[in-house]
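The figures that follow rest on heavy atoms only: side chains count, while hydrogens, waters and symmetry mates do not. Since this is a predicted model, take the numbers as computed values, not measurements. Order of the sequence lines fixes the chain letters, A, B, ..., with proteins taken first and strands second; residue numbering starts at 1 for each chain.
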Amino acid sequence: MKIVTWNINSVRARQERLLNWLDRNTPDVLCLQELKAPDEDFPPAAEEELDYYVETFGQKTYNGVAILARSPITDVVRGMGDGVDDPQSRLIAGTVGGIRVVCVYVPNGGEPDSDKWAYKLAWYARLRAWLERSCDPTQPLVLCGDFNVTPDDRDVARPEEWKDTVLCRSEARAALQGVVDWGLVDTFRLRNDQPGVYSWWDYRMLGFAKDNGLRIDMVYATRPLAERLTDVFVDRDERKGQRPSDHVPVGAIFS
DNA sequence: ATGGTTGCTTAGCAA
């Protein structure tokens with residue numbers, strides 16, 4: 001069971017890349033973030049030619065998440081349904097092959113101490129509450145997505161340069177940890193305790209050419225599922241070539 | 001402090 005997360009940064013701009021990547025890699029589940037398009041703009045070829053089931057929670061211009069799977073997706077939920085007035089499409093969940101799959105695009109947070117920063121921290125608190133209310137840490141579940149936080153300095157190529165940013169500062173890491181403490185394991189760190197593996201490089205300032213990367217895209221699993229982990233991967237090559245996303249696919253394989 | 005790039009939408013925002 002191969003489960004992958006990928007912030008595609010516009011499903012329209014990346015349509016050819018998405019379809020080619022799916023065709024070559026055939027994940028059982030693919031969680032996408034930053035569709036930047038309404039549901040009707042999702043490429044029908046994923047369903048019609050590549051035989052994926054597709055559930056989207058799109059939004060015009062910004063955000064937007066989706067789950068693709070090779071087997072049916074049931075019990076689909078869009079948004080946290082917590083009564084907060086929030087028009088941003090950032091969470092979709094569904095069940096595939098007995099595994100609850102939660103796909104999130106966590107707010108970036110803009111600049112420290114901005115309104116967007118407050119929204120990010122509040123969103124993390126809402127996610128923790130939603131997990132407590134809607135999910136079960138003793139059952140197989142993955143929480144996949146762009147978390148817009150590095151868990152620790154091993155996940156940052158240049159920690160001094162990034163330490164005060166919304167992706168690295170301690171309040172952000174504490175907010176992420178609050179979600180992890182619900183009952184999740186970072187699958188990548190089960191298999192690799194070394195620094196130097198990243199999932200995002202800024203388009204600006206030659207971020208990828210200088211390997212000025214951060215690991216902010218993760219596949220978290222509950223403990224009963226993490227026990228079935230057989231491998232993890234980060235598809236760094238997907239950052240190369242013509243018009244890449246600024247993020248690459250990150251995956252985990254379970255027996 | 002600012003810059004640099006990309007995408008959506010068409011001058012400015014978000015990342």
Using a 3.5 Å cut-off and no angle test, enumerate the donor-acceptor pairs between side-chain atoms of residues 162-170 of chain A and protein atoms at least two apart in sequence or in another chain.
| unit_1 | atom_1 | unit_2 | atom_2 | d |
| --- | --- | --- | --- | --- |
| A/Trp162 | NE1 | A/Asn212 | OD1 | 3.0 |
| A/Thr165 | OG1 | A/Trp162 | O | 2.8 |
| A/Thr165 | OG1 | A/Leu167 | N | 3.4 |

Discussion item. Please report the distance separating the P of B/dT9 from the corresponding atom of B/dG4, rounded so that it comes out in whole Å.
Written reply: 25 Å
Worksheet item: Can you tell me how far P in B/dG12 sits from the matching atom in B/dG3, rounded to whole Å?
Response: 16 Å
Atom pairs and distances, side-chain donor-acceptor, residues 48-55 of chain A, under 3.5 Å, sequence neighbours left out:
| unit_1 | atom_1 | unit_2 | atom_2 | d |
| --- | --- | --- | --- | --- |
| A/Tyr52 | OH | A/Pro27 | O | 2.7 |
| A/Glu55 | OE1 | A/Arg78 | NH2 | 2.8 |

Fill in: Rounded distance [0.5 Å steps], CD1 in A/Ile253 versus CZ in A/Arg228
13.5 Å
Discussion item. Salt bridge check, A/Lys2 against A/Asp28: does any charged N sit closer than 4.0 Å to a carboxylate O?
Written reply: no
Item to complete: Quick one: name the residues clustered hydrophobically with A/Val84, using the 4.5 Å side-chain heavy-atom rule over I, L, V, M, F, W, Y, and just say none if it's on its own.
Response: none
Item to complete: Going 5' to 3' through nucleotides 6-15 of chain B, assign each nucleotide B (protein heavy atom under 4.0 Å from a base atom), S (under 4.0 Å only from sugar-phosphate atoms) or - (no protein heavy atom that close).
Response: SSSS----SB
Item to complete: For A/Tyr198, check ring-ring contact (aromatic ring centres under 6.0 Å, His included) against everything at least two apart and list the hits.
Response: none
Item to complete: Is it possible for you to say whether A/Leu143 and A/Val234 belong to one hydrophobic cluster, with membership spreading through side-chain heavy-atom contacts below 4.5 Å?
Response: no
Worksheet entry | Residues within residues 158-171 of chain A bordering DNA chain B, heavy-atom distance below 4.0 Å | none
Worksheet entry | B/dA11 to B/dT6 separation - C1' atoms, rounded to the nearest Å | 16 Å
Discussion item. Can you tell me how the ring of A/Trp200 sits relative to the ring of A/His247, calling it parallel under 30°, perpendicular over 60° and tilted otherwise?
Written reply: tilted
Worksheet entry | Pairwise P distance, B/dA1 and B/dT5 [rounded to whole Å] | 22 Å
